[in-house]
Amino acid sequence: MRKPLSILISLFMFLTACTADGGKVPPLSQSGVHPGEGSSAYSGSTPEDAPSSVSVPESTSPPETPPADAVALTSKIVELEPGLSAVRYDGDYGFDGFLEKGGAASDRETAQYLVENLAGELGLDFLGNFFGCSTVTENSPAGGVLFGRNFDWNTCEAMIVEAHPENGYASLSSVNMDFITTGAGNTIEAALKLDQVRTLAALYAPLDGMNDKGLAVSVNMIQDSASISQDTGKPGLTTTTAVRLLLDKAANVEEAMELLRQYDLHASMGMMVHFALADSAGRSVAVEYIGNEMSVIETPVVTNFYLTPGEKYGIGTSQSHTRYETLTNLLEKSPVLTPEGIRDALSSVSKGNFGEFESTEWSIVMDLANRTARYYHRENYDNSWLFALG
């Protein structure tokens, strides 16, 4: 297997408007343009075969030329603003090898794979748990599908990763870099300051994302004493490597569910989670695990309580019910929403509305038809960063 640490993390669209002051670029104004630029529009069967039986996808191109105001990335990590950075990775990051070895039943096993197969003698560890989070899927006036996502957490270092694997779909994903910490020692800490090493670790730790087929994925926590630790003899996946699998290999919700059924899922840090999935055809579902059995619920809104009918239904935080009702009522009143409408919906359920200690660290409006994603950082809905898969 080729080792991706040999600086083939290169060649992505990185900040075409890049300035000389440390690689930072100005944020987009509310109108969606960089200061000083002209305006522009914002626009159930369960297969028993091994995972290798799934057809390997071929990379596709987005349907249109990326917008002129989209952030362009390279292999050098750029700080967009304090607490938010972005990078591009092109080439093999060993994920097919990870699957061929049987995946992993824990975050530590994932880190061990990186150490033994990709990162030499680095000590990487994935830590943390998932607090709030809300997602909403709705049709756009242009006939496409929009997917909105809030990630609620304490103040953290966030990174956006655009990946162009050799054997999978291109994708954008978001990572809480505080989940990736050093094992011990100054040598390891120094290694994690290298762009190549940080990017490699981030590729295995996505919490949400969209691929160039128009599939969107998000992880949301459920406050419950139960966890997910399937043990049926299938290869294993953790929460974040399941997201990576779906972004790399699934073109739509149906393919995503088929892939998940081929693996035993093990929730990171023993936390109960569920997945929100949506695709460019307009299908949106929540995937939950009840008694370690996978359940699929058709729904345009997912927050942080069980949606599967039965004894678990409704278990979760009371605030998550409030956010769910807010978003559901909004969709009932507005069967079609613009990107700005999705942004406003996410703002209406962001943490600032509830006076709690954590914040909404990032909000994303994903356009699944045009393969663009607009990021809002730390509840500043007047400024945004636009990314386009290309």
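What's counted below: heavy atoms across the whole structure, side chains too, no hydrogens, waters or symmetry copies.
- Considering only heavy atoms from C-beta on, S295 stays 4.5 Å or farther from H274 through its side chain.
- D264 places a side-chain N or O within donor-acceptor distance of the main-chain N or O of G233, the cut-off being under 3.5 Å.
- At least one side-chain heavy atom of I222 sits under 4.5 Å from a side-chain heavy atom of Y306.
- Although no hydrogens or angles enter the test, the distance criterion places a donor-acceptor pair under 3.5 Å between the side chain of D195 and the main chain of I77.
- Among residues two or more places apart in sequence or in another chain, the side-chain contact (heavy atoms from CB on, under 4.5 Å) test is passed with L330 by S334, L337, A345.
- For T135 (side chain) and G148 (main-chain N/O), no donor-acceptor pair under 3.5 Å exists by modelled atom type.
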One pair to check against side chain to side chain donor-acceptor pair (under 3.5 Å): Q112 and R108. What are the steps and the verdict? CA-CA 6 Å; Q112 190 65 28; R108 189 163 296 280; over 6 Å; no

Do D279 and V145 pass the side chain to side chain contact (heavy atoms under 4.5 Å, CB included) test, and can you show the C-alpha distance, the side-chain angles, and the key distance before you say yes or no? CA-CA 8 Å; D279 60 31; V145 178; over 6 Å; no

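- Within 6.0 Å of atom CD in E311, 12 or fewer heavy atoms from other residues, nucleotides or ligands are found, so the atom counts as exposed in its surroundings.
- Note: W362 and F151 meet the aromatic proximity criterion, with ring centroids under 6.0 Å apart.
- At least one side-chain heavy atom of L84 sits less than 4.5 Å from a side-chain heavy atom of W385.
- With S350 contributing its side chain and S347 its backbone, the two residues share a donor-acceptor pair below 3.5 Å.
- Rounded to the nearest 0.5 Å, atoms CG (N304) and CG (N220) are 5.5 Å apart.
- Placement of V301 and Y313 within a single hydrophobic cluster is found when ILVMFWY residues are connected by side-chain heavy-atom separations under 4.5 Å, directly or transitively.
- A side-chain contact (heavy atoms from CB on, under 4.5 Å) with Y324 is found for one member of N329, V302, L307 and no other, namely L307.
- Using a 4.5 Å heavy-atom threshold, the side chains of L265 and Y263 count as separate.
- Between L237 and L99, the closest side-chain pair of non-hydrogen atoms falls below 4.5 Å.
- Note that the NE2 atom of H164 and the CG atom of D212 stand 8.0 Å from one another [nearest 0.5 Å].
- Remark: E361 does not engage K351 in a salt bridge, criterion side-chain N to carboxylate O under 4.0 Å.
- Distance CG/D178 to CD/E157: 6.5 Å, rounded to 0.5 Å.
- Summarising the geometry, atom CG belonging to D152 is positioned 7.5 Å from atom OG belonging to S363; distances are rounded to the nearest 0.5 Å.
- Between R149 and C133 the shortest side-chain heavy-atom distance falls below 4.5 Å.
- Listed for the Y89 side chain is a donor-acceptor partner under 3.5 Å among the backbone atoms of D92.
- The side-chain heavy atoms of I297 and E288, taken from C-beta on, include a pair separated by under 4.5 Å.
- In this structure a side-chain-to-backbone donor-acceptor pair under 3.5 Å is missing from D224 to S227.
- Taking the six-membered ring where the residue is Trp, Y376 and Y381 present tilted rings, their angle falling between 30° and 60°.
- No donor-acceptor distance shorter than 3.5 angstrom exists from the side chain of K213 to the backbone of S280, with no hydrogens or angles considered.
- Shortest non-hydrogen contact noted between S268 and T240 is OG-N, 4.3 Å.
- Using cut-offs of 30° and 60° on the angle between ring planes, the pair F98 and F95 is parallel.
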Test side chain to side chain donor-acceptor pair (under 3.5 Å) applied to S171 and R244, step by step: CA-CA 9 Å; S171 67; R244 173 52 55 201; 3.2 Å; yes

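- Applying the side-chain contact (heavy atoms from CB on, under 4.5 Å) test between V365 and each of T338, T372, V136, I342 identifies I342 as the sole match.
- Residues F354 and T322 meet the side-chain proximity criterion, which asks for heavy atoms closer than 4.5 Å.
- Every side-chain contact (heavy atoms from CB on, under 4.5 Å) that V243 has, sequence neighbours left out, goes to P206, V217, V219, L247, F275.
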